[in-house]
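Encoded as structure tokens, the structure appears first; notes follow it.
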Amino acid sequence: MSGYVTTRAQLYLREEDRCWSSSCQLSSQLQKRQASRSLQGTMNAIVALCHFCELHGPRTLFCTEVLHAPLPQGAGNEDSPGQGEQAEEEEGGIQMSSRMRAHSPAEGASVESSSPGPKKSDMCEGCRSLAAGHPGYISHDKETSIKYVSHQHPSHPQLFSIVRQACVRSLSCEVCPGREGPIFFGDEQHGFVFSHTFFIKDSLARGFQRWYSIITIMMDRIYLINSWPFLLGKVRGIIDELQGKALKVFEAEQFGCPQRAQRMNTAFTPFLHQRNGNAARSLTSLTSDDNLWACLHTSFAWLLKACGSRLTEKLLEGAPTEDTLVQMEKLADLEEESESWDNSEAEEEEKAPVLTEGVEGRELTQGPAESSSLSGCGSWQPRKLPVFKSLRHMRQVLGAPSFRMLAWHVLMGNQVIWKSGDVDLVQSAFEVLRTMLPVGCVRIIPYSSQYEEAYRCNFLGLSPHVQIPPHVLSSEFAVIVEVHAAARSTLHPVGCEDDQSLSKYEFVVTSGSPVAADRVGPTILNKIEAALTNQNLSVDVVDQCLVCLKEEWMNKVKVLFKFTKVDSRPKEDTQKLLSILGASEEDNVKLLKFWMTGLSKTYKSHLMSTVRSPTASESRN
Amino acid sequence: MCGGTAKTTNQPGNWQDSARCVSDAVPGAGRIYRALLRTKIKKHAGVDRSTDHTELDNSWSCSEFDLNEIRLIVYQDCDRRGRQVLFDSKAVQKIEEVTAQKTEDVPIKISAKCCQGSSSVSSVSSSSSSISFHSSSGGSSHHAKEQLPKYQYTRPASDVNMLGEMMFGSVAMSYKGSTLKIHYIRSPPQLMISKVFSARMGSFCGSTNNLQDSFEYINQDPNLGKLNTNQNSLGPCRTGSNLAHSTPVDMPSRGQNEDRDSGIARSASLSSLLITPFPSPSSSTSSSSSYQRRWLRSQTTSLENGIIPRRSTDETFSLAEETCSSNPSMVRRKKIAISIIFSLCEKEEAQRNFQDFFFSHFPLFESHMNRLKSAIEKAMISCRKIAESSLRVQFYVSRLMEALGEFRGTIWNLYSVPRIAEPVWLTMMSGTLEKNQLCQRFLKEFTLLIEQINKNQFFAALLTAVLTYHLAWVPTVMPVDHPPIKAFSEKRTSQSVNMLAKTHPYNPLWAQLGDLYGAIGSPVRLTRTVVVGKQKDLVQRILYVLTYFLRCSELQENQLTWSGNHSEGDQVLNGSKIITALEKGEVEESEYVVVTVRNEPALVPPILPPTAAERQNPWPAGFPESPEGTDSRDLVLKPDKEANRRPEQGFEACSTGCQGPASGASWKPQNAFCGDEKNKEVPQDGSSRLSSCEVLGAGMKMDQQAVCEPLKVEMSTRLPDRSVAWPCPDRHLWEKPPIEKVTFQIGSSTSPESDFESRMKKMEERMKACGPSLEAREAADTAQDPQISRSPFKPGFQENVCCPQNRPSEGDEGESDKGFAEDRGSRNDTAADAAGQLSHAADLGAASHRVAGTAPGRLEAATGLYVKAEEGPVLEPVAASCVQRGPGLVAPANIPCGDDNKKANFRTEGDIPRNESSDSALGDSDDEACTSAMLDLGHGGDRTGGSLEVELPLPRSQSISTQNVRNFGRSLLAGYCPTYMPDLVLHGTGSDEKLKQCLVTDLVHTVHHPVLDEPIAEAVCIIADTDKWSVQVATSQRKVTDNMKLGQDVLVSSQVSSLLQSILQLYKLHLPADFCIMHLEDRLQEMYLKSKMLSEYLRGHTRVHVKELGVVLGIESNDLPLLTAIASTHSPYVAQILL
């Protein structure tokens, strides 16, 4: 037999390849379709049942492929090709699809014997799985968008060839001691194969048995080898059941008509079985299971699924930053309100009522449009409005000393009041200034016709005529920026044409108690100033820098919060802690205290709850 | 494998705490690797270990693994000369042994056996014993002075012919690259791994023939090496050996050779070098680098792409010295096979242990095999220069034995090395039980080290190096962009990666290995860390602490099961095993006991469309669910009768487990629609119809008792008169005792009630049959979300009956419960409504109507359908193939369509193509088909064309997950080893002697034969010497000029030292350990953010002006290596700028 095998092996391959190529030519249109389909799906493994036919050599009987969604999220890109196909489909309707089916080489092999692929004369019952005209099987895994498709052969030309190779190698090239058992083989070019060969009892076959194999093909050889123990167990189980079924049939047949005795009586001729019409029996009849192929489809699909999900990873990702958390919380709050309230955005919710109260019609109508464009600062740039584009820009416009004073108050949580007739300007100022603070620390009333208390907002925009209460004017906890129309000469001759719009304004920054020039100030302010000063650092770098600085200080805030608010530790300890954090200077402490108000509820409640849980608080002694 | 798991049930896990051991037992994971992990637990002085840990102090028993049972065979296959054995370690005897043992006759015996009493044995031994090695006149000058041990080479064992045929195959391949094979030989149990290479010849073509001649000379057996198949105990094999190497099979190459070059570029990590990286499906995820790496792996190994070889396939066996140019014409002619055979222990357990180790650690085995191959190449080349035949053989044999000895030793070490029992990071991630103690213990160790060994910045330097090279920690601190609001500030598992694994399976073991070696940056570096020191205790502490920073993903093993019930009359295997496990949920608090039944049949029965004949019959006999529907309806009234009837009717569709919920469902009118799906009969009244809802619960294996309790309550309140109808458990015994069918789940999130309800909900949601939204469900009120998560296959209604439900993650569970709770009101409201509709619908017999009927108020889509259904035109039953077109279509086959009324209710819905062919046996799923098709358009497009396959539902799966311990995270983090070891990601050792010897070659080898199955740019080894207080980094790229040094000294990052100081101070201020660790993570996150800033900075600069950075952010020059390394994980261009 082995001689037979070896001499024929190359023939098998060539034959089928020839058939294959002719079929390819016949259906170029089909190939196009398949190509587009294959772009969408990826296949990481194929399971196939192969048979060594006594007449035709190694044959692929049944083959289950995996089709993956193109993207893990199952969305997006799939649409365009998918829809294209759909349109095409709708046109041609059923006729079209059936025409395609006729041209499909894969199905041609099993479906219509007249079609390319192994010619009818090359096919016998034993070489065939699905009955003529059977379209194959499919199963969907909805969760993962994975589809499992079974045919006699894979429909994709390259996969057809890969499976073919694997089949021939499995049944006529590779040697397994005892001929039944598992082998792994393969190479980078033809893929890697886990093969398990086995016999099926057949009372009419030579030696009373037929030879089969179940193969699993992958390109990831490490994965396949890792899966060996699993695959072996599962495949062995399938084989056991197939063999069990066949054995029952065999025994029944032997009981009815003992072939051995019959054969003893007739002179054995080697080609007896070939002439015998029953010689090439299908696996269905050998197992007496009409649903065998459906069963194998389900089993193979199951095997693929179980193998693919056998090992999963648990991969941790980092905690969200405080800013993200606060934003999410705000969004969630908004969503709760959104039933009654339509189109508000996180920061604008307070703005809406204020705006309606006392702004002229022009601004009123502009309000909603503005609020939507606020989300992306870039969107107003083309309009060449007089706006601040970045902290650096503001610093240039205001001048370093004024900016420093302003920034100092911003960082400390003091109220920042802008008085101007230009709403856009004020808004842009707040958008720029807020980037210095954690999201949770920002409360903006962008434009109001009356003074709002500091507890309501730390950024307040006022129209020029609004009276600011005297205690605020003299307070050291507030800073006021008044925007006047400029005299002819601009304050700062900063040159780019965008600044022209701002040059018509004059900015006066005042506070009840001006920051002493020699005061060191919070560390973060100095670093921000350094970053702003250094023209080598692009705006993006400065942005990233601000993120770093804020997170760095929020991390200190967290520790301080834990220490003082959760654990209520004594003052001396707090002092120690502050020096550990590098924040023992007065301004830094103030800053930390203000920033503490910006901690997310999520974080705070998490800390509180850990403390409440019994195990958490017991620290080592 | 299935059977084996049963054993685990009762095995006490003595190596971890009891709870964990139970959970490990579930899928057999505990069994398999217990031995492996039974490492010597390093007791950290000053650290309290619970006493049960001390029991673990058994080293892994190597009695199960005999070094000498690793056998090496080298074969050559030549066109002209056929196959010849070039080496067989079994045929080699060390001469000392021979002489010493001669009296015992052992080797003689063996030889005699091998040679079948050939008289040549003695002559060989005598002739070779006379050989002693002195300086050889030939080439191998560097070996010349060594005194080689003496060997005698006898005739190869009798099985070599068979083995040769296994290695080469019975048909020669024309394929030019190397091929890899693994064989399992049953008796005696052996595992053979073999590689066949094309030989690359130099000027000395055919020189192996010299070697062969020598052997033949020695053996005086001209037939040696020729094929000889007469004595094969291994069962029937192909005879006619001369046929075996007939003309090579022309394996047609698919013309992909031109793509070879691109094959490398496609490799996952390397592509990160590209400035425009491979388009990532979700670049927004914070863990994008991890994610991307895995995605790429999935893509590059997919069959679609993988047809292009990923690696160059020109791996050849060199028989030429490097200076000689190869002779391409010869390449095809000669092949060399190297084969390593592991004899396995006869004991099943030990055998499985080794096999599991082998297969999971295969990349390491292969890497060492490649080393062995190089040694063989060298030996062959060198020995050619020795003129004298016997000397040549002796030289060759001893070289090979030496290499084999090294291989054996390495494998043995790898297998038996003491492991760190509880790597901090992995344990924190998985073992939530004692997290707090773990934090405390770790922090105590950590601060101790900061205090005690950082005086000269030793520890800071070590940590700097570890953070710089073992980069897998970076993704674990990258902030998530869009956390669900529920998530608090703790780390969470990456959902995107989870989903990726499901939709595009990649190899998690591979991913983990890459993480551990820190090979996630760009360019890809593969890093190991060795801590050297005489003070074992100190070294162990350092190792322990480092396991917090050496991060990798935790692996989970999932066992998918489907319930083995079906209608085909398949035998259900006996001996089902009950496995009890304490299952840890993802949410810390939740824990539940899973009792489950293993041993389902391997052949999964399909749920088949009824045949045409059956279709005519409204109650197709072969159709499982229909009769069940009837039964269940009847059941309520006369359960006993039903119980008896059931088995006869062959209801396999109904698992015993499902009966409980099923009957429960009968008191929940709102579930009626489920039953309706199957019921073809007109119900007598609404509630009896509802009884058919047993389907609902069917999917779940539930404990009878647990289910009963809540259900009974409900029952009594709602329909007290029916309570008698509660099915007695015996009813379910038709195939198995109920206990075997039961999955018993206890736990806050999975109370029976909620299970039940969620199941019901799922049934309802089934109606929605929406597109497969892969997003993790965010809103509990979107009804389909939980459903999608739990029933990956939408098998159709009937199918629920027999399939256990796939357990969703805890979070999902909770949400779905919640969703259910919310729905409940409406459900109740609609209940009466539904009942009314049901009776109405019953007349029509349209399942679709009923289905939809229950839905209104909850599922708009379904409602819509319902209405449409009412108004829809009467259609012919949909052909199966049509139904399949809708991608989302579920199990058309399941639904019998015999009922004329039903047909009447089909409506054209959307543009679903319909096949009018009458051979379809599928009808009623139409309803659902339409629904899903409608809602699922995006998904649907791709399959609508051409493929008209018959859809078969997959059985719904239940997944039992356990922590997997057979992974690199548990095996490559080692403890204090006797000597330096090459593969380990982390280990300690007493002296650097061997390290100095091997390091350079190890690093070079690592680069040439990367275990990651993809090219790497650099191999790195961090060496921390606690005796000299030095931390050095050795790399494969730079030669160290100073001979005394192994590598370059590490620059201590000031970021790291300030981190260490502040953690120490916080600890001293008695901040709780878990908070300190949170702070530590925050600080690591800061480093990540700084690296982001740096990468942004580098976008515009080709040089780093350190001062600028320093002023702004406190980044100093000593931080740069660390920060650029971090940046390379998220911004590949950084490396290009700096390199």
Side-chain angles (χ1 to χ4, degrees), chain A residues 2-3 10 42-43 71-72 74 82 85-86 89 100 135-136 138-139 141-145 173 175 177-178 184-185 187-188 219-220 223 225 228 233 237-238 241 294 298-299 302 306 308 311-321 328 332 530-531 541 544 548 555 580 602-603 606 615 619, chain B residues 1 165-166 169 171 179 181-182 234-235 238 240 243 249 281 287 301-304 306 309 313 359 362 436 476-480 483 485 488-489 491 494 497 500 502-503 505 507-508 553-554 560 602-604 606 772 774 792 794 941-942 945-946 948-949 954 1065 1072 1082 1089 1093 1096 1111-1112:
Chain A
S2 89
Q10 45 213 320
T42 58
M43 306 168 209
L71 289 183
E85 266 183 73
Q86 207 167 29
E89 199 57 35
M100 286 184 169
I138 188 169
S139 294
D141 184 342
K142 300 285 278 185
E143 183 194 18
T144 56
S145 305
C173 299
V175 179
F184 169 91
F185 59 83
D187 52 64
E188 290 289 345
M219 290 310 293
D220 188 338
Y223 202 179
I225 292 171
W228 168 301
I238 291 173
E241 288 185 44
T298 321
S299 305
W302 181 257
L311 286 180
T312 51
E313 273 188 300
K314 189 174 170 187
L315 193 69
L316 294 194
E317 51 192 22
T321 60
M328 298 305 293
V541 177
Q544 202 53 246
C548 289
N555 289 338
I580 291 168
T602 322
Y603 184 81
H606 171 62
T615 48
S619 60
Chain B
M1 257 190 91
E165 205 165 344
M166 286 158 66
V171 184
T179 59
K181 289 179 198 175
I182 301 173
L234 298 175
R238 297 191 187 93
L243 283 171
V249 173
S287 52
T301 60
S302 88
L303 275 171
E304 210 63 38
T313 49
F359 288 114
F362 178 77
N436 214 54
T476 69
V477 300
M478 284 188 193
V480 201
I485 191 63
F488 48 89
S489 45
K491 290 177 190 299
S494 168
V497 172
L500 178 71
K502 281 184 186 165
T503 54
N507 188 356
S553 59
E554 177 66 302
L560 282 192
L603 272 179
V604 185
L774 300 182
K794 292 209 165 173
D942 58 337
L948 301 165
E949 292 89 352
L954 283 177
Q1065 299 301 326
D1082 283 343
L1089 291 171
M1093 201 214 64
E1096 199 56 59
V1111 172
V1112 179

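Lettering follows sequence order; numbering is per chain, from 1.
- In plain terms, the two heavy atoms of B/Gln1065 and A/Ile580 that are nearest each other are CB-CD1, 3.2 Å.
- Across all non-hydrogen atoms, the minimal contact from B/Met166 to A/Val175 is CG-O, 3.3 Å.
- Minimum heavy-atom separation, A/Thr321 to B/Pro479: CG2-CB, 3.6 Å.
- Atom-to-atom distance recorded for A/Phe184:CZ and B/Phe359:CZ is 9.5 Å, nearest 0.5 angstrom.
- The two atoms that bring B/Asn507 and A/Tyr223 nearest to each other are ND2-CA, 3.1 Å, heavy atoms only.
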